Amino acid sequence: MAFWLMKSEPNVWSWDQQVKKGTESWTGVRNYQAANNMKAMAIGDQAFFYHSNIGKEIVGIVKISKLYYPDPTDETGKFGMVDVTAVNPLKRPVTLADIKNTPALKNMALLKQSRLSVSAVTPAEWDIILSLSQTPR
DNA sequence: GCCAACGTTGGC
DNA sequence: GCCAACGTTGGC
């Protein structure tokens with residue numbers, strides 16, 4: 001099983017909305033690298049749900065519930081999407097600052113390619129972030 | 001609100 | 001196929 005990180009601006013699509021809806025299609029990706037990451041996803045893969053711009057923190061975990069398929073909001077037909085289902089919130093959000101302050105996470109794609117909206121997370125990074133979320137600040 | 005980083009577009 | 005111009009993202 002692989003791990004991922006997906007960014008959403010909470011004023012467009014927030015974690016609370018994701019929880020309320022349960023499963024939602026991840027529309028709107030218009031970047032080949034992000035689309036390629038979604039193509040590589042398998043059912044049951046887990047992803048961190050990250051709030052960009054507002055909050056700048058990982059707030060929850062979703063799982064991939066539908067494989068890559070065409071995004072109806074893309075008029076060019078070039079890009080697709082996956083469906084994601086809310087799994088659980090983090091005990092406490094892990095902020096961008098937390099990640100930057102953790103030496104073992106300094107190579108995360110999130111930091112290296114700040115504009116990439118769907119990125120891969122290594123199992124080691126995944127575990128570290130989970131343990132951060134279980135540690136009181 | 002600004003600006004750096006970077007991806008995309010389009011002229012040549 | 002190159003590269004300048006432009007648009008967008010996202011942190012600060």
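Given the structure is predicted, the values throughout are model-derived calculations rather than measurements. We name chains A, B, ... by the order of the sequence lines, and we start the count at 1 in each one.
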Which parts of nucleotides 7-12 of chain C does protein reach within less than 4.0 Å, heavy atoms only, written one letter per nucleotide 5' to 3' as B for base, S for sugar-phosphate only and - for none?
BBBBBS
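In terms of heavy-atom proximity, A:A104 sits nearest to A:I128 at CB-CD1, 3.6 Å.
Between A:W26 and A:Y68, the ring center distance fails the sub-6.0 Å criterion. Aromatic ring centroids of A:F48 and A:F3 lie 6.0 Å or more apart.
A:R30 and A:T73 share a side-chain donor-acceptor pair at under 3.5 Å.
Taking A:R92 as the reference, A:D98 meet the salt bridge (charged side-chain N to carboxylate O under 4.0 Å, His left out) condition, with sequence neighbours excluded.
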